[in-house]
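Inspection log for the structure reproduced underneath, given as structure tokens.
We count residues from 1, following the sequence as given.
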Amino acid sequence: MNVSCNLTKKNITLSFVITMITVIAIAGKIEAQTTPTTPAAPTAETTQNAETQPETPAPAAEAQSETPSQDSEIGLVKLFVTGGWSMWPLLLSSIVGFGVILERMYFFFTAKLVRKGYNQDLQDAIDASGMQGVDEFLKANEGQRITDVLKNGMEVSQNDPEIFAAGIEREAGEVMTLLEKGLTVLSAVSTIAPLVGFLGTVSGMINAFDAIANADQVNAKVVAGGIKEALITTAAGLIVAIPAMTFYQYLQGRVGFFTSEVEEAANKIYKEYLKLKAGKKA
């Protein structure tokens, strides 16, 4: 079980790192493609210099070749600045979401919730020795959260099935609160980030149409800035929201699995209490 958890943890971490590297590479490539160098129009003076000194274009070519490399080095910063005001709340959302993801992943991979085959082994112990088998089984599986829930429920049950059910519900509720810690934040990030991105998109389109209204002659350069801002904010919102929603669904699945395991184990013990109660009445 520990080996499989470690392998899963390494695979998830590796996938997340690869995803972030891919996003950074794509963003840098987009910026490099959207900032082409435009050569200056030749003047009469430069034409005469070109005729008298034909060897001067070589340094100019070197200077032009250096410019794209400098732009590509700070491409992410330029993309962030070009995105406008909406990039700041998206940056804050990404930091908060990433922190919650790391904390929750560490918790779930270090906390011993329930081992594989727990309920099947519990059923075997019940079939072999009844309630005595349950006590022996719980002692042999101490240190797991599901065992703590079952033991605390049995301690207050007084051999009454209804009291046992109420105790299990209370104990499981406390553990569920701990397991679901931070998931609300992830859900909020995955919901709000796209909305902020779309708001930035609307802001960029407003700037584009405002530029069209104030321009004497409309061309592609007039609206390019606003459209670029709109596309950048949309992409940034999705980049923040997709990982947050992915990990939210994964962690929610882990919580749901633990809940179902507790309910199944509690039902097995509950049936044994019912049998004991029926035997006493008989």
Side-chain angles (χ1 to χ4, degrees), residues 1-16 100-186 246-282:
M1 181 65 181
N2 294 331
V3 175
S4 61
C5 288
N6 292 331
L7 292 176
T8 305
K9 182 177 180 181
K10 291 181 180 178
N11 291 334
I12 293 175
T13 305
L14 181 60
S15 301
F16 184 77
V100 173
I101 289 172
L102 289 181
E103 190 275 332
R104 288 289 86 190
M105 293 298 292
Y106 176 79
F107 171 80
F108 275 99
F109 282 109
T110 54
K112 296 180 180 180
L113 299 179
V114 53
R115 64 174 177 81
K116 186 177 180 181
Y118 185 94
N119 280 313
Q120 183 59 49
D121 294 340
L122 175 61
Q123 184 62 53
D124 295 339
I126 292 174
D127 295 338
S129 305
M131 289 303 299
Q132 184 179 358
V134 173
D135 294 333
E136 294 176 354
F137 176 81
L138 294 180
K139 290 180 181 179
N141 289 271
E142 291 182 350
Q144 300 189 51
R145 294 299 177 98
I146 187 173
T147 301
D148 296 337
V149 172
L150 296 176
K151 287 180 65 177
N152 293 335
M154 293 176 64
E155 288 176 357
V156 300
S157 65
Q158 299 177 358
N159 295 330
D160 186 280
E162 301 304 327
I163 299 177
F164 170 75
I168 288 293
E169 184 177 356
R170 185 189 67 253
E171 295 295 331
E174 294 179 358
V175 178
M176 292 296 296
T177 301
L178 182 61
L179 296 181
E180 293 177 346
K181 178 182 177 182
L183 295 187
T184 305
V185 176
L186 275 185
T246 301
F247 280 97
Y248 171 79
Q249 295 294 337
Y250 168 75
L251 296 175
Q252 194 69 27
R254 293 289 300 270
V255 174
F257 174 76
F258 178 78
T259 303
S260 63
E261 290 292 303
V262 171
E263 290 179 353
E264 183 179 352
N267 286 333
K268 296 179 186 299
I269 301 175
Y270 180 81
K271 292 178 182 178
E272 291 301 311
Y273 276 127
L274 289 177
K275 293 178 181 178
L276 289 177
K277 187 175 182 180
K280 289 180 179 179
K281 290 183 178 181

Legend entry - Over 12 foreign heavy atoms within 6.0 Å of CD, E180: yes

Inset, instruction - Locate the shortest heavy-atom distance separating I163 from D160; write the atom from each residue and the value. - result: N-OD1, 3.1 Å

Inset, instruction - Drop me the distance from F247's CZ to L186's CG, to the nearest 0.5 angstrom. - result: 9.0 Å

Inset, instruction - Mark yes when over 12 heavy atoms from residues, nucleotides or ligands other than E174 sit less than 6.0 Å from its CD; otherwise mark no. - result: yes

Inset, instruction - Look up atom CG in N159 and atom CD in E272, then write down how far apart they are to the nearest 0.5 Å. - result: 12.0 Å

Legend entry - Heavy-atom side-chain proximity of V156 to R170 below 4.5 angstrom: yes

Inset, instruction - Please round to the nearest 0.5 Å and tell me the distance separating atom CD1 of I146 and atom CD of E261. - result: 6.0 Å

Inset, instruction - Give a yes or no on whether the backbone of G173 and the side-chain of T177 come within a donor-acceptor separation of less than 3.5 Å. - result: yes

Legend entry - Distance-only donor-acceptor check, side chains D124 and Q120, under 3.5 Å: yes

Legend entry - Beyond-backbone contact of V134 with M154, side-chain heavy atoms, under 4.5 angstrom: yes

Legend entry - From CG (L122) to CD (E264), nearest 0.5 Å: 8.5 Å

Legend entry - From OG1 (T246) to CG (L251), nearest 0.5 Å: 10.5 Å

Legend entry - Gap between atom NZ of K268 and atom CG of L150 - 0.5 Å precision: 11.5 Å

Legend entry - Which atom of I168 lies closest to which atom of A266, heavy atoms considered: CG2-CB, 3.9 Å

Legend entry - Closest non-hydrogen atom pair between P161 and L274, with its separation: CG-CD2, 3.5 Å

Legend entry - Pairwise side-chain contact, I126 with F137, heavy-atom cut-off 4.5 Å (strictly under): no

Legend entry - Working for side chain to side chain contact (heavy atoms under 4.5 Å, CB included), residues Y273 and E162: CA-CA 9 Å; Y273 276 127; E162 301 304 327; over 6 Å; no

Legend entry - Minimum side-chain heavy-atom gap V255-L183 below 4.5 Å: yes

Legend entry - Which atom of F108 lies closest to which atom of L179, heavy atoms considered: CZ-O, 3.7 Å

Inset, instruction - Could you go through the side chain to side chain contact (heavy atoms under 4.5 Å, CB included) check for F258 and V175 one step at a time? - result: CA-CA 10 Å; F258 178 78; V175 178; 3.6 Å; yes

Legend entry - Pair listing, side-chain hydrogen bond (donor to acceptor under 3.5 Å, both in side chains) test, anchored in residues 139-151, at least two apart: R115-N141, Y118-T147, E142-K151

Legend entry - Cationic tip of R104 above F107 ring, under 6.0 Å, 45° of axis: yes

Inset, instruction - Ignoring hydrogens and angles, state whether a donor on the side chain of N119 or Q123 is under 3.5 Å from an acceptor on the partner side chain. - result: no

Inset, instruction - Of all the heavy-atom pairs spanning V149 and A172, show the shortest one and how long it is. - result: CG1-N, 4.0 Å

